[in-house]
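Order of listing sets the numbers, starting from 1, for every ligand and every atom in it. Side chains included, hydrogens not; waters and symmetry mates left out as well; all remaining heavy atoms used. On a predicted model such as this, the values are computed, not experimentally measured, just so you know.
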Amino acid sequence: MTSIATAKRWIDGAKRVVVLTGAGISTDSGIPDFRGPQGVWTQNPKAEKLSDIRYYMADPEVRRLAWQSRLEHPAWSAQPNAGHAALVELERRGKLHALITQNIDELHQVAGNSPERVIEVHGTVRKVVCMSCGWRGPMLETLERVRAGESDPACRTCGGVLKSATISFGQALVPEVIDRAMRAAAEAEVLLAVGSSLQVYPVAGAVPAAKAAGARVVIVNAQPTALDELADALLPGSIGAILPRLCAFL
Ligand code: NAD
């Protein structure tokens with residue numbers, strides 16, 4: 001098996017590292033993933049309904065539960081961890097070409113990665129969008145309305161259904177965002193996939209896209225992923241322990 005030291009040499013020698021992160025990079029910050037052993041869906045399969053646009057649009061009760069769960073979202077108190085800090089270091093060293101993230105928590109930006117390097121393919125929970133007129137606003141303001149007693153707050157502009165500005169299951173991705181992610185992946189010398197089960201498409205396609213364009217693929221994840229056979233270096237274990245070693249200057 002290829003070692004951390006070998007993968008680090010590839011990163012040290014590269015000018016364009018593209019990182020793809022998933023929910024696993026934020027578990028050390030107290031935000032559970034979906035499919036890991038403590039994952040939201042592993043623990044409660046019904047929670048998947050709250051992330052499905054069809055149930056959300058059709059059923060006010062699902063929306064009420066979704067707003068309650070947003071009120072309690074761990075992102076409001078979460079702080080970036082050593083894994084996020086390692087990717088800030090990678091950018092500081094001038095190596096981070098793009099940071100494609102499936103995460104909706106904005107912890108990469110909170111940690112200090114430049115917003116223009118972060119490509120949020122599944123949106124952000126820190127903003128709200130109206131499903132009818134497209135109005136967008138800060139999540140914390142709408143959560144104040146929920147706290148004040150509106151269990152399913154409607155858009156103040158048009159009365160439409162409000163939702164976090166995330167891509168739910170059954171909802172189309174933003175084509176320009178996913179195109180940008182795929183273009184960046186194809187420009188990578190090293191594609192570093194961190195904390196993702198690599199099961200969600202099209203974003204997982206960044207890994208074969210980078211590989212086909214000649215990049216080395218490094219996968220850091222506690223459990224096997226769906227694309228392990230594409231890895232030039234498969235580094236199983238804790239992100240908090242491995243990523244700082246991979247990205248550090250020394
Ligand atoms: P996933 O839940 O499918 O997979 C996460 C993977 O990370 C698992 O294989 C798990 O073994 C691994 N992992 C968890 N903690 C780890 C650690 N500390 N060290 C090493 N490995 C660890 O996640 P996914 O592939 O990102 O897909 C889930 C979808 O859900 C994404 O599309 C994302 O939008 C969304 N989501 C986001 C957040 C967030 O923003 N933090 C949280 C949950 C889900």
* **The one among Gly24, Ala23, Gly83 that brings a heavy atom closest to atom 16 (C) of ligand 1** => Gly24
* Asked: Does one hydrophobic cluster hold both Leu234 and Val18, with members joined at side-chain heavy-atom distances below 4.5 Å?
  -> yes
* Drop me the distance from Arg64's CZ to Ser151's OG, to the nearest 0.5 angstrom. => 6.5 Å
* Asked: Taking heavy atoms and a distance under 4.0 Å, where does Thr225 meet ligand 1: side chain, backbone, both or neither?
  -> neither
* **Leu107 side chain near Ile31 side chain, heavy-atom distance below 4.5 Å** => yes
* Asked: Applying a 4.0 Å heavy-atom criterion (strictly less than), which segment of Thr27 is in contact with ligand 1: side chain, backbone, both, or neither?
  -> side chain
* To do: Determine whether Trp76 and Arg126 make a side-chain contact, defined as any pair of heavy atoms from C-beta on separated by less than 4.5 Å.
  => yes
* To do: Report whether Val125 and Val110 are members of the same hydrophobic cluster (ILVMFWY, side-chain heavy atoms less than 4.5 Å apart, transitive linking).
  => no
* Structure fact -> Out of Ile167, Asn221, Val121, Ile31, the nearest non-hydrogen contact to atom 7 (O) of ligand 1 is supplied by Asn221
* Could you walk me through whether Val161 and Cys155 pass side-chain contact (heavy atoms from CB on, under 4.5 Å), step by step? => CA-CA 6 Å; Val161 168; Cys155 175; over 6 Å; no
* Asked: Which ligand 1 atoms are under 4.0 Å away from a heavy-atom of Asp28?
  -> 18 (N)
* With heavy atoms under 4.0 Å as the rule, classify the contact between Ser26 and ligand 1 as side chain, backbone, both or neither. => side chain
* Asked: Who gets closest to atom 20 (C) of ligand 1 by heavy atom: Gly237, Ser197, Gly195?
  -> Gly237
* Could you list the atoms of ligand 1 found under 4.0 angstrom from a heavy atom of Ser238? => 19 (N)
* To do: Report yes or no: do Glu106 and Thr124 form a side-chain donor-acceptor pair below 3.5 Å?
  => yes
* Does any N/O atom on Ala222 come nearer than 3.5 Å to any N/O atom on ligand 1? -> yes
* Of His122, Glu106, Gln199, which has the heavy atom at the shortest distance from atom 31 (C) of ligand 1? -> His122
* Asked: Taking both backbone and side-chain atoms of Pro224, is any N or O found less than 3.5 Å from an N or O belonging to ligand 1?
  -> no
* Using the rule that two of Ile, Leu, Val, Met, Phe, Trp, Tyr join whenever any of their side-chain heavy atoms come within less than 4.5 Å, decide whether Ile167 and Met182 are in one cluster. => yes
* Asked: Taking only heavy atoms of Gly22, which atoms of ligand 1 are found under 4.0 Å from at least one of them?
  -> 26 (O)
* Does the side chain of Leu198 come within less than 4.5 Å of Asn221's, by heavy atoms? -> no
* Work out whether the distance between some heavy atom of Pro32 and some atom of ligand 1 is less than 4.0 Å. => yes
* Asked: Counting from 1, what ligand 1 atoms have a heavy atom of Asp105 closer than 4.0 Å?
  -> 39 (C), 40 (O), 41 (N)
